[in-house]
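Reviewing the structure listed below.
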2 protein chains.
Amino acid sequence: MGRPRTFDEEAILDRAMLLFWRKGYEATSMNDLVEELGLGRGSIYAAFGDKHRLFVLALGRYLGRQDDLLASSFDDLRPALPQLRELFERLLQADSVCSESGCFSVNSIAELLPNDEEVADRARRSLRKAEQTFAVQLERARRGGELSPAIGAPEAAHLLLTLVQGLQIMRKVDPDPARTTACLDSAFALLRNPVPALALS
Amino acid sequence: MGRPRTFDEEAILDRAMLLFWRKGYEATSMNDLVEELGLGRGSIYAAFGDKHRLFVLALGRYLGRQDDLLASSFDDLRPALPQLRELFERLLQADSVCSESGCFSVNSIAELLPNDEEVADRARRSLRKAEQTFAVQLERARRGGELSPAIGAPEAAHLLLTLVQGLQIMRKVDPDPARTTACLDSAFALLRNPVPALALS
DNA sequence: TATGTTCTGGAACGAGAGGTCAACAACTCC
DNA sequence: GGAGTTGTTGACCTCTCGTTCCAGAACATA
């Protein structure tokens, strides 16, 4: 019934995501989107609603991918800390798709919060999920004697999450990936148990 | 010679700073500024140039104050780590002027980098200076046996700087100051030397 | 082929953007 | 007081913003 879509909705959302990611919400105009997406204005509005809704959809797509990456990253048989470390490397590498634009989520939080409740909710959800995932793995690390006794698993999870947000800011100021890697090295050096005992319980 | 200014340039810059801080660069219009600053458009342009220059001046004012806070925060006779910890508390408290808007510098980096070289330069300068100040104090901490041997002073400085940027993002997502304090507690718990020896050298 | 429905692309819209300007106001100096 | 200079104001400019609308294109069904 009716004329079919001539474009792949998800592919279009990906391109919108890259544009918003690169330029930010306010600095991206509908003209930019028309040009980048290769669609008429009418088609965009019909398919995605207004500019803000399109942005939220694009951000949701970005966060959804991050969620997936997180959910499928852990093998509960191997030590947790090295896996966490590898996850961060992968997370940051995934963001290099948009070369020096940092993290779409961090950028959006910084630009639009606390005034944009829709974006706030979506971001909060992903951050909470990430923190919980970290906490589970860190608790596993603690039980395995990997984690420094100076910190609890939930606190370490929150600390790591916070640090990663900070890394995304620092990457925009100094894009040298070696700096990022070095910073993660330091963090994990501190998190590691200096006297790795046998499993405690 | 000529008619004198009827306004205090620095007071006006402060108000512009608060507005840009609250709304971001792109979302703040000249109309907003005219209304907030209580000046005619012409006066603003005559005194500060265009919108972008005004923004850079406002950001410079913000960063200048942070620089001052940092420069005058350390007593080389007392232990370094607690002083660093107090500094962070003061930094975050200073930002509470603009209740839930996070950090003007972090917001600006996220919104405008990597496309705005002027903002990038100004922000880089302050971050470098902060990192160096941290490093000096952490080196003092290391020599005094305060710092964990698991990390060097420069690395700890970079780690702390990164963490604070992250805290500014997290604060926008969850404004509860207790979370921020707890995160700093965790970080310093890890940085502290678990076996505080006597001064080594 | 005729009809109904959906999608497409671009013209058109009002609002508001950032920026300019000219007339007037407020001072200093002669 | 007159001349010269600078600050102030708000009307005004052009351009671009986000959004709407409509005529035509592309399908399914009959």
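A note on names: the letters A, B, ... follow the listed sequences, proteins ahead of strands, and every chain is numbered from 1. Excluded from the calculations below are hydrogen atoms, water molecules and symmetry mates; all remaining heavy atoms, backbone and side chain alike, are included. Here the structure is a predicted model, which means the values were calculated and not measured.
Interatomic distance, CZ of B/R85 versus CG of B/L191, reported as 11.0 Å (0.5 Å rounding).
Taking atom CZ on B/R5 and atom P on C/dT28, their separation rounds to 16 Å, with Å as the unit. Taking atom CG of residue A/L33 and atom P of nucleotide C/dG9, one finds them 15 Å apart after rounding to whole Å. Protein atom CZ of B/F7 is 16 Å distant from nucleotide atom P of C/dA26, rounded to whole Å. Rounded to whole angstrom, the span from the CD atom of A/E26 across to the P atom of C/dG18 amounts to 10 Å. Protein atom CD of B/E35 is 15 Å distant from nucleotide atom C1' of C/dA17, rounded to whole Å. Residue B/Y45 contributes atom OH, which lies 18 Å from atom P of D/dC12 at whole-angstrom precision. Atom CE in A/M30 sits about 19 Å away from atom P in C/dA17, given to the nearest Å. The NZ atom of B/K23 sits 12 Å away from the P atom of C/dG16 (whole-angstrom rounding).
For A/N31 and D/dG18, the shortest distance from a side-chain N or O to OP1 or OP2 is not below 4.0 Å.
In this structure, B/K51 forms no cation-pi arrangement with B/F20, as its terminal cationic atom is not both closer than 6.0 Å to the ring centre and no more than 45° off the ring axis.
A salt bridge between B/D14 and B/R65 is present, with a side-chain N of the basic residue lying under 4.0 Å from a carboxylate O of the acidic one. Ionic pairing of B/E86 and B/R78 is present here: one or more N-O contacts between side-chain nitrogen and carboxylate oxygen are shorter than 4.0 angstrom.
Candidate nucleotides D/dT8, C/dT8, C/dG18 were compared by shortest atom distance to the side chain of B/T6, and D/dT8 ranks first. Proximity note for A/P4 (side chain, C-beta onward) versus C/dT8, D/dA26, D/dT8: the nearest is D/dA26.
Donor-acceptor pairing under 3.5 Å, judged by distance alone, is present between the side chain of B/R41 and the base of C/dG19. Within 3.5 Å, a donor on the side chain of A/R3 pairs with an acceptor on the base of C/dC7, or the reverse.
For the segment residues 48-56 of chain A, the set of residues with a heavy atom within less than 4.0 Å of an atom of DNA chain D comprises A/D50, A/K51, in numerical order.
Within 6.0 Å of CZ on A/R53 lie no more than 12 heavy atoms contributed by other residues, nucleotides or ligands.
With DNA chain D read from its 5' end, the first of the two nearest nucleotides for B/G40 and B/G2 is the one closest to B/G2. Looking at which nucleotide of DNA chain C each of A/A46 and B/T28 is closest to, the 5′-most match is held by A/A46.
Within the 4.0 angstrom heavy-atom criterion, only backbone atoms of the sugar-phosphate kind lie near B/S29; the bases stay farther away.
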Task: Candidate pair B/D121 and B/R125, rule side chain to side chain contact (heavy atoms under 4.5 Å, CB included), full reasoning - done: CA-CA 6 Å; B/D121 282 347; B/R125 186 146 46 93; over 6 Å; no
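The aromatic ring centroids of B/F134 and B/F74 lie 6.0 Å or more from each other.
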